[in-house]
Amino acid sequence: MERVLIFGNTKEARDIATTLRRRGRQIVFSVVSEYAKSLLPLGTNCRVGRLDGEEMLAFIRQTNPHRVIDATHPYAVLASQNIRQCCDALNIAYERVHFEDIDNAWRDA
C-alpha cells in the first residue's frame with residue numbers, strides 16, 4: 001500500500017487525505033499541535049510537534065513514504081523549505097499544495 005506523508009492540517013490537507021484514502025493510500029499526518037490533530041478523523045496516524053531540519057529528515061526516513069505533500073500554511077516558509085530539502089535529500093516525491101484563497105487558508109472551516 002502506498003504511504004503518503006502530509007505536513008500540515010489545513011482544510012486542503014484534510015480534503016487531499018480523504019481523496020487519497022478513498023484511492024487506497026495509507027495517510028500519515030505531521031501537525032504542530034494537539035488542536036490540529038483533534039481536527040483529523042479519529043484514528044488518523046499523526047505525529048504532533050514541531051520539527052527542525054534534522055528531526056524532519058529522521059521522521060521522513062522512518063515514515064518511509066512514497067511521496068510527501070506539503071500542506072503547511074502558506075506563510076510557513078521555513079517549514080516548506082525544510083520539507084523540500086528533506087525530500088530532495090531522500091529522493092522522495094514532493095508536492096506543494098496550491099492555496100486558492102491564501103487569506104483564509106489558516107481557517108478551520
Side-chain angles (χ1 to χ4, degrees):
M1 177 183 296
E2 182 179 309
R3 182 175 305 116
V4 178
L5 174 57
I6 301 175
F7 281 90
N9 188 17
T10 56
K11 179 185 180 316
E12 291 80 2
R14 295 188 298 273
D15 290 347
I16 290 167
T18 299
T19 299
L20 292 174
R21 277 191 195 104
R22 281 191 213 129
R23 295 179 181 170
R25 305 313 191 274
Q26 178 186 19
I27 306 300
V28 178
F29 270 90
S30 178
V31 299
V32 297
S33 70
E34 288 293 333
Y35 174 72
K37 181 181 178 182
S38 75
L39 298 174
L40 297 171
L42 195 59
T44 299
N45 186 351
C46 182
R47 187 216 179 275
V48 178
R50 294 189 187 282
L51 297 166
D52 65 24
E54 289 180 27
E55 293 167 330
M56 187 177 290
L57 186 66
F59 174 66
I60 294 172
R61 185 176 282 128
Q62 174 189 5
T63 304
N64 193 28
H66 286 83
R67 66 180 161 151
V68 172
I69 297 174
D70 177 0
T72 57
H73 188 281
Y75 300 124
V77 176
L78 183 57
S80 288
Q81 288 173 349
N82 284 338
I83 296 165
R84 181 180 287 277
Q85 288 172 354
C86 290
C87 288
D88 288 347
L90 296 170
N91 198 31
I92 295 173
Y94 168 89
E95 297 173 43
R96 175 68 176 144
V97 171
H98 175 74
F99 294 92
E100 293 294 327
D101 185 4
I102 199 166
D103 293 328
N104 290 311
W106 61 273
R107 298 188 190 280
D108 295 334

Are V68 and L51 connected in a single hydrophobic cluster, I mean Ile/Leu/Val/Met/Phe/Trp/Tyr linked by side-chain heavy atoms less than 4.5 Å apart? yes
Closest heavy-atom pair and its distance - P65, I92: O-CG2, 3.9 Å
Determine, using the 4.5 Å side-chain heavy-atom cutoff (strictly less than), whether V32 and I83 are members of one ILVMFWY cluster. no
Across all chains, not counting sequence neighbours, the side-chain contact (heavy atoms from CB on, under 4.5 Å) partners of L78 are Q81, N82
Pairs meeting criterion salt bridge (charged side-chain N to carboxylate O under 4.0 Å, His left out) with involvement of residues 68-82, two or more places apart: D70-R96
Can you give me the closest heavy-atom contact between M1 and G24, atom names plus distance? CG-O, 3.2 Å
Quick one: side-chain contact (heavy atoms from CB on, under 4.5 Å) partners of E34, sequence neighbours excluded? K37, V48
So which atom in T63 and which in R3 form the shortest heavy-atom distance, rounded to 0.1 Å? O-NH1, 2.8 Å
Write down the atom of C87, the atom of A93, and the distance for their closest heavy-atom approach. SG-O, 4.4 Å
Tell me if a side-chain donor or acceptor on R14 pairs with a main-chain N or O of N9 at a distance below 3.5 Å. yes
Return the SG to CG distance between C46 and L40, rounded to the nearest 0.5 Å. 5.0 Å
Those residues at least two apart in sequence (or on a different chain) that pass side chain to side chain donor-acceptor pair (under 3.5 Å) with D15 are K11
Considering residues at least two apart in sequence or located in another chain, which fulfil the side chain to side chain donor-acceptor pair (under 3.5 Å) criterion with E55? none
Looking only at heavy atoms, what is the nearest atom pair of L5 and F29, with distance? CD1-C, 4.4 Å
Considering residues at least two apart in sequence or located in another chain, which fulfil the side-chain contact (heavy atoms from CB on, under 4.5 Å) criterion with R84? D88, Y94
Who are the side-chain contact (heavy atoms from CB on, under 4.5 Å) partners of V4, not counting sequence neighbours? E2, I6, L20, R25, I27, R67, I69
Shortest non-hydrogen pair, S80 vs T72, comes out as OG-OG1, 3.2 Å
Do Y75 and F7 share a hydrophobic cluster, counting only Ile, Leu, Val, Met, Phe, Trp and Tyr and linking them when any side-chain heavy atoms are less than 4.5 Å apart? no
